[in-house]
2 protein chains.
Amino acid sequence: MPELNVIREKTLMREWSRARRYQGETVALVPTMGFLHEGHLSLIRTAKSVANFIVVSIYVNPGQFAPSEDLSTYPSDLVGDLRKLSDAGVDAVFCPADLYLSASGDDSARHSGDAVSQSEGNSCVEDGNRDHETWVRVEKLEKGMCGASRPVFFRGVATVVAKLFNIVEPDIAVFGKKDYQQWRVICRMVRDLDFDIRIIGADIVREFDGLAMSSRNVHLSPLDREKALSIYESLRKAKVAVEGGQRNCQELIALTKKTISEAGGKIDYVEIVEQQSLKTAEEIVCPVVLCVAAWFGNVRLIDNIELNI
Amino acid sequence: MPELNVIREKTLMREWSRARRYQGETVALVPTMGFLHEGHLSLIRTAKSVANFIVVSIYVNPGQFAPSEDLSTYPSDLVGDLRKLSDAGVDAVFCPADLYLSASGDDSARHSGDAVSQSEGNSCVEDGNRDHETWVRVEKLEKGMCGASRPVFFRGVATVVAKLFNIVEPDIAVFGKKDYQQWRVICRMVRDLDFDIRIIGADIVREFDGLAMSSRNVHLSPLDREKALSIYESLRKAKVAVEGGQRNCQELIALTKKTISEAGGKIDYVEIVEQQSLKTAEEIVCPVVLCVAAWFGNVRLIDNIELNI
């Protein structure tokens with residue numbers, strides 16, 4: 001079992017990675033927000049199959065949470081996470097304190113906020129009086145689905161991933177396809193900004209009963225957890241309908257919404273979009289993905305299923 | 001005299017740079033839009049004083065031009081540029097054809113434009129039906145001064161520089177302080193996105209008579225070129241006034257505007273801002289910079305002077 005290096009400083013993380021890459025080894029990064037479950041471990045196994053060294057980052061990114069969202073209650077368990085990562089044969093864990101605080105001592109910059117107008121949307125980064133002001137915007141892909149109900153979300157995701165890429169400098173990075181739109185946003189960012197990093201999308205991992213694994217599942221009451229099974233049930237019903245010849249997206253969406261609503265879920269969105277562009281599909285004439293976001297109690301869950309005809 | 005490598009492909013450029021960096025050598029990048037003058041050569045000399053290998057990029061970036069601006073008439077002279085770079089002892093020139101076209105063959109992405117709403121401002125990249133959609137926004141620093149009259153400018157600058165950084169992967173990059181706001185935008189982007197690149201700001205180089213060197217100077221008529229000397233004259237007058245005890249920025253700005261207007265220049269802006277934050281100053285109580293943009297005929301010129309008390 002290799003030793004698990006726990007690294008908290010950006011510069012030490014970069015040095016660790018470069019020491020390996022400059023010798024011709026490959027490094028894969030698995031970015032996470034911690035509270036690790038079998039879904040994360042699956043990403044790590046994927047990473048291990050394609051790279052010599054594995055870095056897992058654990059960082060609950062305030063840049064992707066609006067002040068109204070659940071940053072403060074996002075679950076964490078660092079001790080448990082480190083044990084799981086050690087058991088999984090991970091080489092390094094990057095768990096920084098705050099990625100948005102500058103170490104430059106550039107004090108005058110801290111006063112720049114009132115010089116010009118406010119940005120259109122605020123995350124917990126702006127809310128916290130940090131002086132970070134650079135954001136990566138994937139302007140089209142960021143807008144629909146989760147971006148519609150969480151306006152600062154993908155701006156925050158793309159930005160923190162760009163930061164992690166510049167700190168870890170990996171050859172490969174692995175993202176879960178449960179966060180389908182996130183995966184596509186990252187792919188597009190990597191292509192558009194010329195990061196020399198191969199992005200791998202890994203399949204969704206589900207509980208024994210079909211619920212997609214998520215750190216937020218822990219917040220579900222037993223009753224809501226039961227109701228939440230309707231999400232995967234609705235996705236499977238849609239897949240069966242498509243296999244039976246259904247091509248009309250409105251009807252598939254109605255079927256999906258009905259299944260979830262009848263179980264007691266509150267729909268955020270149900271959409272069928274093209275797999276690469278995330279463009280809304282009317283009829284299924286190319287590979288699409290059916291994406292769902294719904295609330296059960298105070299917990300917002302997302303899930304999806306690729307429909308390849 | 002070392003051989004000048006002319007590199008057109010992203011992957012070859014990155015390989016060239018890595019081959020040197022992985023052996024412990026340092027690489028400095030000097031990004032330019034070509035039509036090189038003594039100002040650029042000064043940046044190259046600065047780069048040579050701090051790094052073992054020098055890369056100069058020549059790329060007229062459509063991402064920083066609005067369709068109404070002078071992209072099509074921006075001057076170029078690649079043959080002359082290569083001779084100057086060879087004479088200057090530059091090691092590699094990166095002159096890509098189009099940095100916004102993807103080589104991925106990701107055709108479905110080309111249709112994503114109509115899926116969601118348009119971006120707030122358009123550059124010549126969107127205008128040209130490329131499918132690039134990722135932009136780096138330095139949200140506060142990008143808004144004032146040149147950003148007010150050129151809304152897509154700093155978005156385009158930050159984005160293309162991020163791309164160049166990811167392609168060349170330099171240790172150091174050198175920017176001219178004539179483009180003062182641009183230099184600060186890049187510094188902030190590097191800090192906020194954790195690029196491991198040292199940014200050097202190099203002093204303005206002037207013609208014998210004080211006109212700041214600029215590729216656009218070639219478009220000035222002889223009469224307008226004479227009138228344009230009023231810019232540096234106005235900056236020097238303001239500096240003398242500050243040395244004489246003047247601390248009121250409105251009065252200094254009025255003095256500056258008067259000098260340029262009386263010579264026949266059309267003011268775009270005259271501002272006095274703090275050097276780091278670019279926050280508007282009312283009284284000079286810390287290091288500031290007096291920034292000017294003005295039109296002479298069809299040519300927009302910028303210049304500035306640091307005022308350190």
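Numbers restart at 1 for each chain; the letters A, B, ... are given by sequence-line order, proteins then strands. If you're wondering where the values come from, they're calculated on a predicted model, not measured in any experiment.
For R184(B), no part lies under 4.5 angstrom from a heavy atom of chain A.
Under 4.0 Å is where a charged nitrogen must lie from a carboxylate oxygen, and between R14(B) and D194(A) no such pair does.
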* **Step-by-step salt bridge (charged side-chain N to carboxylate O under 4.0 Å, His left out) determination, R18(B) to E169(B)** => CA-CA 8 Å; R18(B) 283 190 184 175; E169(B) 297 183 345; 2.7 Å; yes

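When all heavy atoms of L99(A) and Y59(A) are compared, the closest pair comes out as N-OH, 3.0 Å.
The candidate with the highest count of non-hydrogen atom pairs below 4.5 Å against chain B, out of V136(A), L193(A), V160(A), V185(A), is L193(A). Of all the listed residues (T159(B), D192(B), I167(B)), the one sharing the greatest number of non-hydrogen pairs under 4.5 Å with chain A is D192(B).
Cation-pi geometry between R150(A) and F65(A) is met: under 6.0 angstrom from the ring centre, within 45 degrees of the axis.
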